[in-house]
Amino acid sequence: MASLPSVAVNSTLKLEQDFRKVPTVSSAEDKNSHISYQRVARRSLDPRSVDFQEALTLLTEAPDVESAYYVPLLEDCIDKRSLCQTRVLHCHVTKTGWHRDLFLSTSLINVYAKCGAMDDAHKLFNILPLRNVVTWTSLMTGYVHNSLPELAVKVFCEMLEAGAYPTNYTLGSILSACSALASIGLAKQLHGYIIKYQIENDMSMENSLCSAYAKCRHLESAIKVFQRIPEKNVISWTIIISGCGDNGEAEKSLQLFVDMLSENVEPNDFTLTSILSSCCILLDLSFGKQVQSFCIKFGYHSNLPIRNSMMYLYLKCGMLDEARRLFDEMETVNLITWNAMIAGHAQMVDLAKNDLSAQRSGFEALKIYQKLNRSNLKPDLFSFSSALTVCSHLTALDQGEQIHAQTIKTGFLSDVVVGSSLVNMYNKCGSIEKGTKAFVEMSTRTLISWTSMITGYAQHGRSKEALGLFDDMRLAGVKPNKVTFVGVLSACSRAGMVDEALHYFEMMKNEYKIKPVMDHYACIIDMFVRLGKLEQAFEFIKEMDFQPNELIWSVFIAGCRRHGNMELGFYAADRLLELKPKDAEIYISLLNMYLSAGRFKDVSRIRKLMKQEKIGKLKDWSTISVKDKVFSFQPGDRLHFQSEAIYELLENLLEKAKGLGYIPENISQLVDEEDVEQNSYSLVHHSEKLAVAFGLLNTPKGASIRVTKSISMCKDSHSAIKFFSKLTQREIIVRDSKRLHRFMNGGCSCGDHGALL
DNA sequence: CGCTCATAAT
């Protein structure tokens, strides 16, 4: 090549100083003056030497410029993701006439795409007098990377119509659009093109094809493609490992990881995070720990995604302290770290409802969420939906409302998942009105949103609204699933709508081909039981395709007690005991049944069984949150600092309630013998009464009281709190292990069939 | 010449 023009030489001289600062210059590259100039030009873009504008000036003045000279400038635009600078460069290219160069135009499309400016990219594409397959592919890739896979497909079709032949690059790009769209039809078509156009077997493209099948949930096809890749690289393995994990074959993905190692393919950070994600699915901490040592061995120990995944694995396995240790050790964290911590603590609330420490981890989740807010990161839809889910479990309406406000401010409210979490939160916190409002204001609704609202109405005893919404949902073209039908059937059950219930039950089976599960039967049986139609309930139990479970018998027995059909009750009790239940609540309810029937032989039989089966004590506790602090109460609790005031208020209220017709029931039935010994009979109150009294004392007049309780409310507390709501003119919400109770003005939303014990 | 492949969470 001809010697460099004087101006360029000057710039070389100027830049040599910079070369001295940068020691890594390969002599091989220097032999080629072409590349050397590129290096110079690239160096010239270093902000320490010459700015971008100056580099452009150099190029303007330089003779014999080749299009490749622009490469460093193009790269600089990509590095900086600077749309502004890209436009300047584009102008320059146009002015100097280089825009006629296909290489440069294609590169510019690519740069615009990398800057996220697909409008500019496509405009430029439209005015090009000439296009080749690379130009088309660049535009398509731009759409894929900017999360517009539909448009990528559109461009692909236009390209075929224009008569251009796709290459392996084109197919690779469009296959990743296909992955994003998860469209199996498209995947198969593209696979067909590969064969039809005899596109050269290229490992990248085969990887993309494998990934597309996996993302379309056609794991078998993905595995076939994978097996046929002659030279599998680490990416091929990573695709199939994560594909198995995503498609319910987590064990298989662990096996593949082992296979990969035995074929001497070294995993990278992507592989290791994928495999840790599979460990999360399987809750396989021991495999996870082995992977952890791999991470150290291969030098990924401080890799953030890996640390996040490892931390999440500990969280998933319930080892919160270990996870916290990892969290504290991290010098850098990202939003995913925070979200994993929030979600990890949030799931604990779900796991064991009868465990106070699990409840505490819910509050810990909210604390972490608040810390995130004080950090330099901003919560996203994952943070919001997890935090809202926690609020719904904890009946923490105040915190939930604060988060609602934040979702509005940040614009995340429009997200369907956030919207659904919000609806769910309000409904679970006992505010069906706010839940409805949030639901109505959603711009789009998914199956989950509809189901959540239908279930909300059903839980609040608003059967008509629940069924009306179910019709709306079907009109909107959303297909109900089995969870939706649990909501629908429980709405019918609550309202005693026998014909409707049976109609929907048949609809579910015939029209939607959903096989009824235990919860569906439980709704129907509960309905007959509520109506006192025990024989019909019993017939239904006998007709079921499978053995009734503990829930079915419990519901049935509660009905037998209520309606005084003890013969059926005793029969059902024996069937229930055959299932060897582990739930203390079940035994207590049987004890109560035999006690009230005066069958003391059976009482001692049950007590003996409880010892045999090692059934622990009934763990009754309630929590209430006041001003962001959580207070928990146990039955007969006198340890609390406000004990005296609480008991005084309770006695006072109970006295007044008696005047209005409250009849205390023998609550000693529910308390274990030890407890009775420790406290005199009349002073033992169940935890929810104490929590409600505490709430009345510590919240402003007229404020709602929200309590969560570990087990079902008993009839006595239920009746008492109804009177409390009338006497104090307060709304009192108690979420127990089975139901939502909203007490207002002497009534309860559960329709008085809620107390099982 | 330039354009393609994969990861962590609700």
Exercise. Using a heavy-atom cut-off of under 4.0 Å over every strand shown, decide if A/N233 touches base, sugar-phosphate, or nothing.
Key: nothing

Quiz item: For the residue pair A/F439 and A/W450, is the inter-centroid distance of their aromatic rings smaller than 6.0 Å?
Solution: yes

Quiz prompt | Evaluation steps, side-chain hydrogen bond (donor to acceptor under 3.5 Å, both in side chains), between A/T337 and A/N334 | solution = CA-CA 5 Å; A/T337 321; A/N334 62 8; 2.9 Å; yes

Exercise. Could you tell me if the ring centre of A/F257 sits under 6.0 Å from that of A/W237?
Key: no

Quiz prompt | DNA chain B contacts made by residues 333-342 of chain A, counting heavy atoms under 4.0 Å | solution = A/N334, A/I336, A/N339

Exercise. Scan A/L102 against the nucleic acid and name what it touches under 4.0 Å (heavy atoms): base, sugar-phosphate only, or nothing.
Key: base

Quiz item: Would A/T271 and A/D269 satisfy side-chain hydrogen bond (donor to acceptor under 3.5 Å, both in side chains), going step by step from the backbone distance to the final call?
Solution: CA-CA 5 Å; A/T271 327; A/D269 46 344; over 6 Å; no

Quiz item: When you check the side-chain N and O atoms of A/N207 and A/S204, is any donor under 3.5 Å from an acceptor?
Solution: no

Exercise. Output the residues of residues 125-134 of chain A in contact with DNA chain B, where contact means a heavy atom of the residue under 4.0 Å from an atom of the strand; sort by number or write none.
Key: A/N132, A/V134

Quiz item: For DNA chain B, what residues of residues 176-183 of chain A have any heavy atom nearer than 4.0 Å?
Solution: none

Practice problem: Using a 4.0 Å heavy-atom cut-off across all strands, classify A/S138 as base, sugar-phosphate, or nothing. | Solution: sugar-phosphate

Quiz prompt | Candidates A/H122, A/K154, A/E150 - the one meeting side-chain hydrogen bond (donor to acceptor under 3.5 Å, both in side chains) with A/Y143 | solution = A/H122

Quiz item: So what does A/K232 touch, heavy atoms closer than 4.0 Å: a base, only the sugar-phosphate, or nothing?
Solution: nothing

Quiz item: What residues, two or more places apart in sequence or in another chain, satisfy side-chain hydrogen bond (donor to acceptor under 3.5 Å, both in side chains) together with A/N339?
Solution: A/D380, A/S383

Exercise. Could you walk me through whether A/S449 and A/T446 pass side-chain hydrogen bond (donor to acceptor under 3.5 Å, both in side chains), step by step?
Key: CA-CA 5 Å; A/S449 345; A/T446 58; 3.0 Å; yes

Practice problem: Might you confirm whether atom CG of A/L326 has over 12 heavy atoms from other residues, nucleotides or ligands at distances under 6.0 Å? | Solution: yes

Quiz item: Please walk me through it: do A/T170 and A/T137 pass side-chain hydrogen bond (donor to acceptor under 3.5 Å, both in side chains)?
Solution: CA-CA 5 Å; A/T170 322; A/T137 306; 3.1 Å; yes

Exercise. Remember a base hit wins even if backbone is also touched, and classify A/S386 as base, sugar-phosphate or nothing at under 4.0 Å, heavy atoms.
Key: sugar-phosphate

Exercise. Kindly say whether A/E249 contributes a backbone atom to a donor-acceptor pair with the side chain of A/N247 at under 3.5 angstrom?
Key: no

Exercise. Under 4.0 Å from any heavy atom of chain A: name the first and the last nucleotide of DNA chain B that qualifies, 5' to 3'.
Key: B/dC1 to B/dT10

Exercise. Would you sort out whether A/R307 and A/E329 count as a salt bridge (Lys or Arg N to Asp or Glu O under 4.0 Å), showing the intermediate values?
Key: CA-CA 10 Å; A/R307 298 205 67 133; A/E329 271 177 10; 3.2 Å; yes

Quiz prompt | With A/M341, the side chain to side chain contact (heavy atoms under 4.5 Å, CB included) member among A/Y369, A/Y312, A/F327 | solution = A/F327

Exercise. Output, in order, the C-alpha distance, side-chain angles, deciding distance and verdict of ring pair (Phe, Tyr, Trp, His ring centres under 6.0 Å) for A/W136 and A/F156.
Key: CA-CA 8 Å; A/W136 284 100; A/F156 180 67; 9.6 Å; no

Quiz prompt | Neighbours of DNA chain B within residues 235-253 of chain A, by heavy-atom distance under 4.0 Å | solution = A/I235, A/I239

Quiz item: If we ignore angles and hydrogens, is there a donor and acceptor under 3.5 Å between the side chains of A/S173 and A/T141?
Solution: yes

